[in-house]
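The structure under discussion appears below in the form of structure tokens.
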Amino acid sequence: MAVVDPLLGGRPRTHEIERLRLMFPSLPILVYTVLAPETAGALLVLGGVGIRRAVFHRVDDSPEALRRAISAELEQSTSQRVISILAARLPGLPDPIIRALECTLHNPCELPTVSHLADRAQLTRRTCERVFAKLELPSPGVVMLMARLLYAHHLLLDPGYTIEDVALKLGFGKARTLQMHFRDVFGRTAGDLRLSLSVAEAVAIVTDRFLPAIVPTRRKAVAS
């Protein structure tokens, strides 16, 4: 997430913020600035590129108001969307594990493991694995891979990210490792994914690959 002030230099400047939005459209951006006559024009320009939320210094920036604004913006983040997609396809998974899954997407320097997932959910590794097994879901390791690959695909849709950036951000270490997973699951390279695979298509492929036993049951339930 980025918190920006178009009046930081003393006069309205929006070019850098507009470019940030252009290169990283999935990045949540919150404007935090002063309420002044020149602010209106800057906010109009930024609204034109999809930045909708602003907090004004000494007007509505109490600690609680700032927390609400930041939380509301983060609710629209790419990682939150990925977790919401997965949660809908992993019926019954407890909220602590869902939150722990999201945390695994926010630690670029740490290779996610089942033990890390269990620790964040305040469970033992064995208990965590039993929860997944009892719900007849894929293993925790497979679900973490699903989340990371869907998140990686989302990030690659941003022009500002390279395959190396995404691999490092998600703990794959090397771009070659991430490319290997892309070819294995999607049958395509990162370049092909960026150009020709929509978010819905990526979700469908991952679901069909890792959740073949669950999808028919859910479709039958919806039909009934």
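Start at 1 with the first residue, then count along the sequence. This one's a predicted model, so the numbers in the text were calculated from it and none came from an experiment.
A donor-acceptor pair under 3.5 Å is formed between the side chain of Thr39 and the backbone N or O of Val34. No side-chain donor-acceptor contact under 3.5 Å links Arg13 to the backbone of Leu7. For Arg194 (side chain) and Leu156 (main-chain N/O), a donor-acceptor pair under 3.5 Å exists by modelled atom type. In terms of modelled atom types and a separation under 3.5 Å, the side chain of Asp119 and the main chain of His116 share no donor-acceptor contact. Remark: the backbone N or O of Leu197 is paired with a side-chain donor or acceptor of His153 at under 3.5 angstrom. Within the 3.5 Å criterion, the main-chain N or O of Gly187 finds no donor-acceptor partner in the side chain of Arg183.
By the 4.5 Å heavy-atom criterion applied to side chains, Ser115 and Cys128 are not counted as neighbours. Between Leu170 and Leu178 the shortest side-chain heavy-atom distance does not fall below 4.5 Å. Counting heavy atoms from C-beta on, the side chains of Leu157 and Val199 come closer than 4.5 Å. The shortest side-chain heavy-atom distance between Leu137 and Pro91 falls under the 4.5 Å cut-off. With contacts defined as side-chain heavy-atom distances shorter than 4.5 Å, the pair Thr189/Phe182 does not qualify. At a threshold of 4.5 Å between non-hydrogen side-chain atoms, the residues Met146 and Val142 count as touching. Between Arg148 and Pro112, some side-chain heavy-atom pair lies under the 4.5 Å cut-off. In this structure, the side chains of Leu123 and Pro96 stay at 4.5 Å or more apart for every pair of heavy atoms.
Distance check: Ile51 CD1 to Ile29 CD1 gives 4.0 Å after rounding to the nearest 0.5 Å. With rounding to the nearest 0.5 angstrom, the CG atom of Leu86 is 9.5 Å from the CG atom of Leu93. Here OG of Ser71 is found 10.5 Å from CG of Leu66. Values are rounded to the nearest 0.5 Å. Distance check: Asp158 CG to Asp165 CG gives 10.5 Å after rounding to the nearest 0.5 Å. Distance check: Leu117 CG to Glu129 CD gives 10.0 Å after rounding to the nearest 0.5 Å. To the nearest 0.5 angstrom, Arg21 atom CZ is 13.5 Å from Thr14 atom OG1.
Every residue two or more places apart in sequence or in another chain was checked for a ring pair (Phe, Tyr, Trp, His ring centres under 6.0 Å) with Tyr32, and none qualifies.
Here the options are Glu73, Arg81, Gln80, the test is side-chain contact (heavy atoms from CB on, under 4.5 Å), and the partner is Ser77; only Gln80 passes. When each of Leu101, Leu105, Leu155, Leu74 is paired with Ser79, the side-chain contact (heavy atoms from CB on, under 4.5 Å) condition holds for Leu105 and for no other.
Under the 4.5 Å side-chain heavy-atom criterion for Ile, Leu, Val, Met, Phe, Trp and Tyr, Leu8 and Val59 are members of distinct hydrophobic clusters. If you chain together hydrophobic residues whose side chains sit under 4.5 Å apart, Ile70 and Ile83 never meet in one group. When hydrophobic clusters are built by joining Ile, Leu, Val, Met, Phe, Trp and Tyr residues whose side-chain heavy atoms come closer than 4.5 Å, directly or via intermediates, Val166 is grouped together with Met23. Cluster annotation: Leu30 and Leu20 are assigned to distinct hydrophobic clusters (Ile/Leu/Val/Met/Phe/Trp/Tyr, side-chain heavy-atom contacts under 4.5 Å, transitive). Leu22 and Val31 are not part of a single hydrophobic cluster, where members link through side-chain heavy atoms under 4.5 Å apart.
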Note to self: With side-chain contact (heavy atoms from CB on, under 4.5 Å) as the criterion, how do Ile97 and Leu90 come out once you've worked through the C-alpha distance, each side chain's angles and the decisive distance to 0.1 Å?
What the structure shows: CA-CA 11 Å; Ile97 295 181; Leu90 300 171; over 6 Å; no
Next item on the list: Please lay out, stage by stage, how His181 and Thr177 fare under the test side-chain contact (heavy atoms from CB on, under 4.5 Å).
Entry: CA-CA 7 Å; His181 285 296; Thr177 303; 4.1 Å; yes
Margin query: Assess the residue pair Arg176 and Met180 against the criterion (side-chain contact (heavy atoms from CB on, under 4.5 Å)); give the C-alpha distance rounded to whole Å, side-chain angles, the decisive distance to 0.1 Å, and a yes or no.
Written below: CA-CA 6 Å; Arg176 181 172 58 188; Met180 178 188 69; 5.9 Å; no
Check: Step by step, would you call Val203 with Leu150 a side-chain contact (heavy atoms from CB on, under 4.5 Å)?
Finding: CA-CA 7 Å; Val203 171; Leu150 288 175; 4.1 Å; yes
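Heavy atoms only, all atoms of each residue included: Val114 and Pro140 are closest at CG1-CB, 3.9 Å. What you find for Met144 and Thr104 is that their closest heavy atoms are SD-CG2, 4.0 Å. Of all the heavy atoms in Pro94 and Leu135, the pair that sits closest is CD-CD1, 4.4 Å. Nearest approach of Val143 to Pro138, heavy atoms of both residues: CG2-O, 3.9 Å.
Classification of Arg67 and Glu64 as a salt-bridged pair holds, one side-chain N sitting under 4.0 Å from a carboxylate O. Contact check on Arg209 versus Asp184 returns a salt bridge, with a Lys/Arg side-chain nitrogen under 4.0 Å from an Asp/Glu carboxylate oxygen.
Around the CD atom of Gln122, the shell of radius 6.0 Å holds no more than 12 heavy atoms that belong to other residues, nucleotides or ligands.
Aromatic ring pairs are classed by plane angle as parallel below 30°, tilted from 30° to 60° and perpendicular above 60°; the pair Phe24 and Tyr161 is perpendicular.
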